[in-house]
Amino acid sequence: MTATPSYPAPLFERGYRLRFILRLCLAFAAGAGVLYASFYFVLSRPFVGDYAGVFHALRNLSVFLRPVIALSVLVYVLLVCVGIGALCVYGLHKVAGPLYRMECVMGEIREGTPSRTVSFRGGDQLEPLARAFNGWIGKLRQDRQRWLSMMKNAERHCLLDEATCRAKMEEALLKVAEDMARYR
Amino acid sequence: MSRLTPAEKKIRRKIRYINPRFQGGAALVIFAIVVAGGALFGGLVYRDVGEALREAAMRGHFNMESPYEIVRDELLWHLAGLSATVTFLAVIVFLLLVKSVRIGVGHSIAAFRASEGGDLSTPTESRGLKEFRRFGELVDLTRAIALSRVAPLREEAASLAACGLPAEAFRPRWEELKRKIQEVAP
């Protein structure tokens with residue numbers, strides 16, 4: 001199991017990936033829009049006064065540029081980070097949720113409590129993981145039923161005579177043991 | 001549509017933020033890109049826009065109506081550069097995350113498929129993010145417990161078939177074996 005395995009169905013829907021990337025782009029575009037608007041608001045005020053007034057306005061602006069830029073970038077970073085944080089929490093819960101659900105069901109299996117097959121919510125990713133798990137548990141339950149059926153079939157011969165019954169039971173036990181040897 | 005009870009609503013809300021290391025980790029990496037991009041943008045804009053304003057003040061031909069007309073090109077180029085860089089890097093991070101999930105979960109899928117064929121002991125060997133290595137360990141633990149339930153039953157079935165016990169001792173062990181087989185996959 002060292003090589004990366006191949007799986008027929010994709011773990012991630014193409015639409016999910018595209019939607020996530022699109023939302024990332026939207027968050028950054030919105031941030032850039034806010035950044036541009038803040039610069040435009042500061043820099044688009046018309047010059048007033050005479051030649052000396054314009055000269056001093058330009059000199060003062062280059063001096064006060066540092067706090068303007070710092071504040072604008074801070075607003076940009078905060079806005080984009082809030083958007084990205086929300087996107088990661090709400091977007092990635094379609095991956096984290098199924099893993100959590102699988103962990104719960106595997107915990108039930110380990111504890112020996114009756115568990116249902118794994119089913120995910122609409123839009124959840126990692127569907128092949130649930131299918132592979134359900135396939136394994138389904139096969140294990142199928143084997144269990146077959147072993148019990150073998151033993152019950154042997155018990156039917158107990159209606160005949162004791163020796164036949166015992167021979168059939170021992171035969172069934174050997175078959176069950178042989179069948180179980182598949183698990184290693 | 002069924003109405004949710006307050007308890008159900010609480011559980012549903014919790015499920016949104018379920019895995020701090022996975023969801024929070026991805027967010028933190030992108031935050032770092034945004035902060036670095038913002039700092040670089042601020043530095044470059046301060047240098048270039050400040051230079052353009054000083055140059056315009058020194059040139060002395062004030063035929064513009066607002067400072068925006070002086071710095072528009074530099075500002076728009078830097079904004080485009082910032083947006084393109086952070087978007088590109090964030091998309092790369094997301095695609096790497098997807099690849100990491102594919103590798104980590106892919107090994108767990110292979111382990112479940114191998115289990116279906118009876119192999120419950122080969123380790124999953126999940127790689128990639130710590131979350132998926134931990135998940136792979138849980139998969140291995142679950143498979144090991146399943147094997148620990150089947151292996152003693154196989155030995156019991158084989159020994160019961162060969163022991164030649166009298167009927168009165170054989171029957172209880174037979175029934176006990178049936179009961180234990182029921183518990184293999186509850």
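Naming convention: chains lettered A, B, ... in sequence-line order (proteins, then strands); numbering from 1 in each chain.
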In this structure, CZ of B:Arg113 is separated from NZ of A:Lys139 (nearest 0.5 Å) by 15.5 Å
Distance col, row B:Trp174:CH2 vs A:Glu170:CD, nearest 0.5 angstrom, shows 9.5 Å
Just say parallel, tilted or perpendicular for the rings of A:Phe39 and B:Phe41, cut-offs at 30° and 60°. perpendicular
How are the rings of A:Tyr36 and B:Tyr68 set to each other: parallel, tilted or perpendicular (split at 30° and 60°)? perpendicular
Salt bridge flag under 4.0 Å for residues B:Glu65 and A:Arg45: no
Does A:Arg166 make a cation-pi contact with B:Phe170 (under 6.0 Å, within 45 degrees of the axis)? yes
Row check, B:Tyr46 ring normal vs A:Arg66 NZ/CZ: under 6.0 Å, within 45°: yes
Which atoms of [X] are under 4.5 Å from chain A, going by heavy atoms: the side chain, the backbone, both sets, or neither?
| X | value |
| --- | --- |
| B:Arg149 | side chain |
| B:Glu175 | side chain |
| B:Leu97 | side chain |

Relative to chain A, which of [options] shows the most heavy atom pairs under 4.5 Å?
| options | answer |
| --- | --- |
| B:Val150, B:Thr142, B:Ile145 | B:Thr142 |
| B:Val91, B:Val35, B:Val86 | B:Val86 |
| B:Gln182, B:Glu69, B:Glu183 | B:Gln182 |
| B:Leu95, B:Val71, B:Leu147, B:Val49 | B:Leu147 |
| B:Ser148, B:Cys163, B:Ser115 | B:Ser115 |
| B:Val184, B:Leu79, B:Leu153 | B:Leu79 |

Verify the cluster assignment for A:Val176 and A:Leu174: are they in a single hydrophobic cluster under the rule of side-chain heavy atoms below 4.5 Å apart? no
For A:Tyr40 and B:Leu75, what are the C-alpha separation, side-chain angles and deciding distance, and is it a side-chain contact (heavy atoms from CB on, under 4.5 Å)? CA-CA 10 Å; A:Tyr40 185 79; B:Leu75 192 60; over 6 Å; no
Does A:Cys158 have any disulfide bond (SG atoms under 2.5 Å apart) partners at least two apart in sequence or in another chain, and if so, which? A:Cys165
